[in-house]
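It should be emphasised that the depicted structure is a prediction, and the values quoted were computed from it without experimental measurement.
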Amino acid sequence: MTINWSDYSPADFYDELYSSIGNPRKPARRLVGFLKSLRDDEIEQRRQAAEASIREMGVTFTVYTEEGNIDRAWPFDIIPRTIAKKQWDKTAAGLKQRLQALNLFIDDIYHEQRILKDGVVPDYIIKQSKNFRPECVGVSPPFGVWAHICGTDLVRDKDGEFYVLEDNLRVPSGVAYMLENRAITKRVLPDLFEKIHIEPVNDYCERLFDMLSSLSPRKVKQPVVVVLTPGIYNSAYFEHAFLAQQMGAELVEGSDLVVQDDCVFMKTVAGLERVDVIYRRIDDIYLDPEVFNPDSVLGVPGLMRAWRAGNVGMANAPGAGVADDKVVYAYVPQIIRYYLDQDPIVPNVETFLCFDEKQREYVLANLDKLVVKPANESGGYGMLIGPHATKKDRTEFAELIKANPRNYIAQPTLALSTAPTLIGNHLEPRHLDLRPFVLQSSDIYVTTGGLTRVAMRKGSLVVNSSQGGGSKDTWVVDTEVNI
Amino acid sequence: MLSKVAERVYWTARYIERVENTARLVAVYTNLLLDLPKGVNLGWYNLVALSSLESTFTDRYKVQDERNVVKFLLADEKNPVSVVSSLNILRENVRTTRDVVPVETWELINELSIFVNENSTKALNRGQRHDCLEGIIRGCQRINGLLYGTMTHDEAWDFLRLGRNLERADMTTRLLDAGCAAILQTESHEGAVNSRQIIWGNVLRSVGGEQSYRRKLRSAVQGCEVARYLLEDPQFPRTIQHCLAAIADSAAKLPRCEPVSKGIKSLQARVFKEVNYEDLGAPMREYLNSLQVEMGQLHSTFAKQWFN
């Protein structure tokens with residue numbers, strides 16, 4: 001079989017590139033036109049060039065189940081995914097609105113808890129939250145912002161609308177891959193960047209650095225910013241190193257830092273040097289063995305003291321994860337209305353809370369149609385995809401839900417959008433999602449597009465790279481501009 | 001600069017140097033065996049002894065032949081200083097210090113790693129060995145070239161320079177030692193005079209110093225002159241003299257350097273006092289061995305001052 005753009009059929013789903021067989025959408029027209037003009041061997045040559053770039057650039061990720069293999073090459077499909085700029089601008093506004101509201105919520109939760117007192121959000125959300133940190137109560141981080149870096153998972157349903165699937169407010173990863181995807185695409189499809197107005201993505205690291213600098217407690221010209229990583233065996237180590245390098249920040253592990261007199265220092269060849277801001281890529285519970293997990297060797301004893309005393313900036317702030325909870329997620333539309341007095345711009349996916357008796361009954365009766373997720377997991381672990389699960393799995397899950405209803409939510413199985421993907425030597429539709437990244441401190445910023453993750457297995461909806469997902473470059477295309 | 005990063009950068013340079021030198025060593029040895037008169041029996045196992053790896057080798061191989069020795073030095077992951085192992089460690093070091101070396105370093109090291117993985121078995125046959133070794137040496141030179149051309153001369157640079165020159169000096173003592181050992185082994189043979197010339201010529205070649213030696217001395221290759229040249233010449237970049245000067249220079253630019261600088265100065269003052277160029281046998285080998293010990297001590301003073 002050969003690559004045939006005229007026959008490509010997205011079946012019943014919303015396809016990112018094609019509105020119907022033979023009809024590319026407007027933002028994708030030049031792209032498809034160009035790819036069509038290439039012979040199969042030329043496409044293959046570019047695919048191989050992409051693979052070689054990935055190996056040479058050392059773009060890798062780690063799969064925990066594969067012992068000893070800490071770098072698997074990043075799976076990448078060379079056909080970009082396109083989004084019209086007009087639609088993107090609206091979505092970006094929605095993402096900003098959402099993160100602003102979530103930060104107001106977190107700040108409220110660690111102070112007066114007005115939203116609970118007003119009965120807008122039930123207080124069990126906090127009482128039973130795994131990510132609520134009593135140690136953070138009363139702390140006032142700069143600008144009232146707790147979640148400085150947010151990776152929001154968006155999906156497109158059949159109707160072509162973007163929906164928010166998840167807010168990742170703890171230590172979201174993937175942005176380095178977004179940047180590398182673009183770098184690879186520029187290498188293998190350079191011809192297109194001249195012909196199409198593709199919005200650039202490469203200012204992210206500067207924006208990240210500016211945001212982090214703004215958290216510095218010392219008002220100095222060049223605050224010392226560090227990226228705190230758990231080390232090379234972490235699945236996102238590649239990204240930690242990448243971001244540190246791009247920002248010109250030090251990449252440190254816990255053992256490189258010490259706390260003295262409630263200030264954080266790093267061990268350098270010239271002795272101890274004061275640290276102003278920590279971009280931490282370690283979960284809350286490993287941050288400080290004095291306060292959280294006493295066995296943690298990844299963290300730094302005394303870090304929480306220093307942060308609470310306002311002597312070091314930390315992103316994301318400890319405790320920010322309280323809003324990264326799928327039950328809180330269900331209330332985000334109310335949260336937006338409560339704090340901002342606005343209607344949500346980007347909608348949520350319909351969500352059933354198993355804690356609520358009526359909703360739980362509905363969930364248990366419809367397990368074969370729903371996706372059930374634990375409230376506090378990430379990476380796609382511990383979910384049940386009803387329509388694809390066995391009867392035995394469903395029965396087991398029903399028991400889990402009954403035993404701990406607070407910990408589960410359910411959502412209808414979405415008809416995730418697709419895009420043409422090179423499988424072997426022909427095109428097939430594959431499902432995908434989108435993770436844009438939002439930065440907030442005194443200012444707020446959204447990446448243009450984000451990281452597109454693709455479920456490489458036929459029919460699969462699981463896009464996580466740890467579970468066989470791949471990715472594509474994401475183009476926000478301005479179709480109003482004529483070049 | 002972070003102590004840990006300094007240490008990794010320092011080792012990065014050492015491993016780049018080690019990879020290049022190992023490839024050079026195998027290349028030169030291959031040549032040497034072709035040049036020596038028939039009947040002169042110089043074993044490949046010398047290369048193992050030279051790197052003080054006898055026990056690691058005997059654990060893994062029964063036969064001390066060319067194929068096994070070359071495999072051991074280039075492609076054996078169980079040998080901690082083989083080219084393949086060195087590159088693995090090198091990659092880990094660069095992976096964790098990407099923020100202080102030029103961006104392309106990581107790509108070049110990946111390229112070299114890929115090259116070695118795909119080509120190291122070719123080196124087992126003499127027919128294809130040259131291409132493989134040449135590829136490795138060029139790969140290292142590209143990395144060093146990149147560093148020379150684009151790296152800013154900050155602390156990381158000086159740590160690289162410390163590592164590079166210490167490893168180089170250590171390797172030069174080992175190459176000289178290899179020459180002395182070969183001479184001792186071929187002494188009884190009737191073509192000994194001939195062999196000597198060939199051996200010392202190859203020692204020079206192994207450090208890429210044949211041409212500069214000839215230009216400087218304008219005379220035939222002689223053992224004692226080669227030894228003096230490789231130890232004391234201030235201009236050729238792989239001599240002990242030159243490496244120590246580079247180490248002293250870089251150390252002096254680093255913070256809290258006083259104890260280290262003091263140690264280097266005292267070593268520079270005494271290092272060539274005891275050497276006797278008249279006898280390149282056992283006394284010379286002993287001297288070279290003591291030099292290696294000095295290098296080890298130098299490393300310890302770096303570690304104590306900057307890496308802890």
Side-chain angles (χ1 to χ4, degrees), chain A residues 51-62 68-71 73-74 176 179-180 183-184 187 205 209 224-234 237-258 265-273 275 279, chain B residues 1-10 77 87-115 117-118 139 142-143 152 154-160 162 250-251 253-258 260 302-308:
Chain A
E51 236 167 56
S53 304
I54 288 168
R55 283 206 300 165
E56 278 164 23
M57 289 156 78
V59 187
T60 59
F61 70 102
T62 303
N69 181 6
I70 62 167
D71 15 65
W74 175 244
L179 297 168
E180 293 286 46
I184 297 162
R187 282 192 189 188
C205 293
F209 187 73
V224 176
V225 176
V226 301
V227 177
L228 175 60
T229 173
I232 58 166
Y233 293 103
N234 183 271
Y237 182 80
F238 169 81
E239 175 160 305
H240 307 160
F242 178 91
L243 292 175
Q245 188 187 31
Q246 296 287 315
M247 292 193 293
E250 294 287 355
L251 179 66
V252 303
E253 293 176 27
S255 57
D256 296 320
L257 300 180
V258 283
F265 296 88
M266 58 184 179
K267 299 176 196 167
T268 78
V269 292
L272 294 181
E273 188 181 344
V275 171
Y279 176 19
Chain B
M1 143 174 241
L2 281 180
S3 296
K4 194 180 55 200
V5 172
E7 185 174 13
R8 286 177 180 161
V9 165
Y10 166 85
E77 293 199 19
L87 276 170
N88 285 341
I89 304 171
L90 189 52
R91 273 193 85 216
E92 288 319 306
N93 273 312
V94 175
R95 187 207 294 280
T96 46
T97 51
R98 285 174 60 175
D99 45 340
V100 296
V101 291
V103 191
E104 300 85 356
T105 316
W106 175 237
E107 290 189 27
L108 287 187
I109 284 176
N110 279 318
E111 266 179 43
L112 180 57
S113 249
I114 293 165
F115 174 84
N117 283 330
E118 286 171 357
R142 283 177 73 190
I143 296 166
T152 181
D154 56 4
E155 288 174 349
W157 170 259
D158 285 309
F159 280 108
L160 273 174
L162 286 184
S250 271
K253 290 182 182 143
L254 290 165
R256 300 190 292 166
C257 63
E258 296 75 18
V260 177
F302 299 164
K304 192 171 157 231
Q305 197 63 14
W306 291 307
F307 304 154
N308 286 325

*Which of Gln246(A), Glu253(A), Met247(A) touches chain B most, by non-hydrogen pairs under 4.5 Å*: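 Counting heavy-atom pairs under 4.5 Å, the top option is Glu253(A).
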Minimum heavy-atom separation for [X] to [Y], with atom names?
X         : Y         : answer
Pro230(A) : His240(A) : CD-CE1, 3.7 Å
Trp106(B) : Arg91(B)  : CZ3-O, 3.4 Å
Ser3(B)   : Val269(A) : OG-N, 3.7 Å

Just give me the residue among [options] that pairs up with chain A most often, heavy atom to heavy atom, under 4.5 Å.
options                                   : result
Asn308(B), Thr96(B), Leu254(B), Val100(B) : Thr96(B)
Val103(B), Val5(B), Leu108(B)             : Val103(B)
Glu7(B), Met1(B), Glu104(B)               : Met1(B)

*Against chain A, label Ile114(B) side chain, backbone, both or neither, depending on which of its atoms sit under 4.5 Å from a heavy atom there.*
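Contact with chain A is through the side chain of Ile114(B) alone.
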_Residue part contacting chain A, namely of Val101(B), when any heavy atom lies under 4.5 Å_ =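 For Val101(B), backbone heavy atoms alone lie under 4.5 Å from chain A.
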*asked:* With a 4.5 Å cut-off on side-chain heavy atoms, are Leu87(B) and Phe115(B) touching?
replied: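 No. Closest side-chain heavy atoms not under 4.5 Å.
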_Strictly below 4.0 Å, N to O, side chains only: are Arg95(B) and Glu92(B) in salt-bridge contact?_
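Salt bridge flag = yes for Glu92(B) with Arg95(B).
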*Run the ring-centre check on Trp306(B) versus Phe159(B) and record whether the distance is less than 6.0 Å.*
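Centroid separation for Trp306(B) and Phe159(B): below 6.0 Å.
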*Where does Val226(A) contact chain B at under 4.5 Å (heavy atoms): side chain, backbone, both or neither?*
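For Val226(A), no heavy atom lies under 4.5 Å from chain B.
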*Residue part contacting chain B, namely of Ala249(A), when any heavy atom lies under 4.5 Å*: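 Ala249(A) touches chain B through backbone heavy atoms alone.
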